[in-house]
Colleague: 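Structure in structure tokens, see below.
What you are looking at is a predicted structure, and each value in this text was computed from that prediction instead of being measured. Numbered from 1 within each chain, the chains take letters A, B, ... in sequence-line order.
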Amino acid sequence: MNPIAFLILSVLTISSALMVVFSKNPIYSVLWLIICFFSITGHYILLDAHFLAVVNLIVYAGAIMVLFLFVIMLLNLNKETEPHKPMILKAAAVLSGCLLMIVLAASLQGYAQQPPAIITEEFGTAKGVGKVLFTDFLLPFEVASILFITAIVGSVILGKKHVND
Amino acid sequence: MTTLVLLSLLGFLVLFLGAFEQKKAILPVVIAGLSAAFVTNALSWDTSQTFYGMMRYDNYAVSFVGLMIFSVLMIMLLASYHFRNEDSHIADIYALMIFTLVGGLVMVSYASLVMLFVGIEILSIALYILAGSRRMNLSSNEASLKYFLMGAFASGFLLFGITLMYGVTGSFDLLVISDYVNGNEELPMLFITGVLLILIGFSFKIGAVPFHFWTPDVYQGTPTLITAFMATVVKTAGIAAFFHLFDICFSAIDGVWFNILWVIAAATILLGNVSAVMQNEAKRMLAWSSVAHAGYLLIPVLALNELSASAIFYYTAAYSVASISAFAVLLGISQFSNEMPVDQYKGLAKNNPIMTTALVIAMFSLAGIPPLAGFFGKYFVFVTAMESNLNIAVIIAIAGSLIGIYYYFKPVIFAFNQEVPPIEKIKGNAAFNFVLFAGIIISLIIGIFPDLLANLPGN
């Protein structure tokens, strides 16, 4: 892993993620989120997870973000309609977020010295992922189809026009 | 495995029947299919197979799946009464309920954390939609959205925990994780954080304090029939999955999670019962009571000894039967309304003897009055706890049950109230009456002969 590339990508990821939160305009938030997803894709490439990188780019930075933009434009969100949370809620959220961060950061201690895992040639490629998916993880892969049919039926129920409702 | 395939196919078949407008055929097909699934499930008894290292169908899974299929069957019968005048999207709702059951099946038989996650998501996503299935009702929409946001958040915690666990052990397999726990004297902090995140995720899903705040609103806004579903099938699957994971993987490191879970269980019992006392809304009261029952169910998880599985199974069985009866009566009185003050039970007894009997039995069973099933449910839970010297937890649970008696008796006393004009006779169809009868008889039978179910999950 290239340390300089990692550093640049990390700074980009974290600062764009912060901008998502701090932007006043929801459209800007979404645009920053796209940058954030792109830099996470960069991380995946650095970690040799090529297939995951491509999927992340297509699904998240592509499809999901378009969906986000559509919804925000349809809802016509702007500064006036932004909900105002009471101060105590904000303080509680900041506090619990910081606590979670401390716990996670503390739990990482001792991991810096570990040697990197040894990976095979096929690791992270479409071929390698496909092989694992259709052998070791065949059953969850098949059961996930039930998940998708459930989601499809659900979107039909919620989206269909009913005569008497 | 046969049961999993059968249930999935049944779901698809119901969808097709709905698409081809065969409304009359749906209910018989659903009932026949569920009965067949119940039989194939029972035939797997004592076979204990592992499929692809992902799913272990042992007696534990068989007993909980059997219980869930039974609950769904009862709720389907209620659905035929509830949707008697509706003809638009029944097939979709039935199909979603069956898919929820598939999710529940995966959740009680997983041998890998991947399967656990897929199972939980199937169950949850189907429920988010079912909660919002009355689309033009504002409170139903609100319930659906709230449940979705909270559920997605909880899934995030769970997934984060699973990821950390994978990062440390390099496997999703429960047995590998368990070997890792037993083989290492000192576990890395990352693993412990993973355990705690999974604990939080599960607490969200079963609605334990302090992750319970979605429960009352969601239970109230959801159509009553689906609320019955949430209170029984979903709770059964959630607690069974919870116990399964902690029993197999984390029993050796109870120092990590014991105190946290102890506080969660005690707070759940106390807050659930105390809040239920203050409700004037029947459905909200049942919602808080279900929070309290989640607390009782956490005690065997805390105790984690050889009696725990049986105690959880018996308790969920008793609780499911009583809850379905209670919700059936609620459904009969309130019909399509999402709101029903407790005093609407007033004057029920005069013209509706069967419904009143069912209500009395259900409430007494939930309160834990002998010789009903609920009493032995609590008894087994307490015995399990005493075995592991959890005396203070038992005292708290008993105090909670005593508080519980107050609000469980309220509807019963109201039902026999003669000051108000009695409620007209509520006409239920055959299926509705069957559910009421079944509720009364089963609560009595498994209460009088607790041995029938007491040792079922086995080891």
Colleague: With a 4.5 angstrom heavy-atom cut-off, which part of B:Phe172 approaches chain A: side chain, backbone, both or neither?
Modeller: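 For B:Phe172, the side chain is the part near chain A, not the backbone.
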Colleague: Flag the one option from B:Ile129, B:Ile122, B:Leu190, B:Leu196 with the top tally of heavy-atom pairs under 4.5 Å to chain A.
Modeller: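 Looking at each of B:Ile129, B:Ile122, B:Leu190, B:Leu196 in turn, B:Leu190 comes out on top.
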Colleague: Tell me, for B:Phe12 versus chain A, whether the close heavy atoms (under 4.5 Å) come from the side chain, the backbone, both or neither.
Modeller: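 Just the side chain, heavy atoms under 4.5 Å.
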Colleague: If I measure from the heavy atoms of chain A, does B:Leu164 come under 4.5 Å with its side chain, its backbone, both, or neither?
Modeller: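 For B:Leu164, the contact with chain A is made by the side chain alone.
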Colleague: My understanding is that only one of A:Leu108, A:Leu100, A:Val103 makes a side-chain contact (heavy atoms from CB on, under 4.5 Å) with B:Thr193; could you say which?
Modeller: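 Of the listed options, the one satisfying the test is A:Val103.
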Colleague: Is the shortest heavy-atom distance from the side chain of B:Thr100 to the side chain of A:Thr150 under 4.5 Å?
Modeller: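 In short, these two side chains do not touch, never coming nearer than 4.5 Å.
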Colleague: Hey, are the side chains of B:Leu4 and A:Val143 touching, using non-hydrogen atoms and a 4.5 Å cut-off?
Modeller: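 Yes, at least one pair of side-chain atoms sits under 4.5 Å.
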Colleague: For the residue pair B:Phe51 and A:Leu139, what are the closest heavy atoms and their distance?
Modeller: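 What the structure gives for the nearest pair is O-CD2, 4.0 Å.
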Colleague: CG of B:Leu138: more than 12 outside heavy atoms within 6.0 angstrom?
Modeller: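 Result for CG/B:Leu138: open.
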Colleague: Residue by residue, scan residues 12-22 of chain A and write down, ordered by number, those that have a heavy-atom distance under 4.5 Å to chain B; if none do, write 'none'.
Modeller: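 Within residues 12-22 of chain A, no residue comes under 4.5 Å from chain B.
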Colleague: Let me see the working for A:Leu147 and B:Phe99 under side chain to side chain contact (heavy atoms under 4.5 Å, CB included), right down to the final yes or no.
Modeller: CA-CA 8 Å; A:Leu147 180 63; B:Phe99 288 141; over 6 Å; no
Colleague: Please indicate whether B:Tyr180 has more than 12 foreign heavy atoms, meaning atoms of other residues, nucleotides or ligands, lying under 6.0 Å from its OH.
Modeller: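 Counting neighbours around OH of B:Tyr180, more than 12 heavy atoms of other residues, nucleotides or ligands fall under 6.0 Å, so yes.
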Colleague: Please state whether the side chain, the backbone, both or neither of B:Phe160 comes within less than 4.5 Å of a heavy atom of chain A.
Modeller: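 B:Phe160 touches chain A through side-chain heavy atoms alone.
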Colleague: Take atom OH of A:Tyr28 as the centre, draw a 6.0 Å sphere, and report whether it contains more than 12 heavy atoms from other residues, nucleotides or ligands.
Modeller: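 For A:Tyr28, atom OH is not crowded (no more than 12 foreign heavy atoms under 6.0 Å).
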Colleague: Would you compute the distance between atom CG of B:Leu101 and atom CD1 of A:Ile146 and round it to the nearest 0.5 angstrom?
Modeller: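 With rounding to 0.5 Å, CG (B:Leu101) is 11.0 Å from CD1 (A:Ile146).
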Colleague: Can you tell me if A:Ile88 has over 12 outside heavy atoms packed within less than 6.0 Å of its CD1?
Modeller: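 No, the 6.0 Å shell around CD1 holds no more than 12 heavy atoms from other groups.
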Colleague: Are there over 12 heavy-atom neighbours, none belonging to A:Trp32, within less than 6.0 Å of that residue's CH2?
Modeller: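 For A:Trp32, atom CH2 is not crowded (no more than 12 foreign heavy atoms under 6.0 Å).
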Colleague: Report which part of B:Leu130 has an atom under 4.5 Å of a heavy atom belonging to chain A: side chain, backbone, both, or neither.
Modeller: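 Neither; nothing under 4.5 Å.
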Colleague: At a heavy-atom separation under 4.5 Å, does A:Phe137 approach chain B through its side chain, its backbone, both, or neither?
Modeller: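 Both parts, backbone and side chain.
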Colleague: Which atoms form the tightest heavy-atom contact between B:Gly132 and A:Leu158, and what is the distance?
Modeller: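 Nearest pair, atom of B:Gly132 first, then A:Leu158: O-CD2, 3.9 Å.
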Colleague: Within the 4.5 Å heavy-atom criterion, are A:Asp136 and B:Tyr52 side-chain neighbours or not?
Modeller: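 The answer is no, as the side chains (C-beta and beyond) never meet within the 4.5 Å cut-off.
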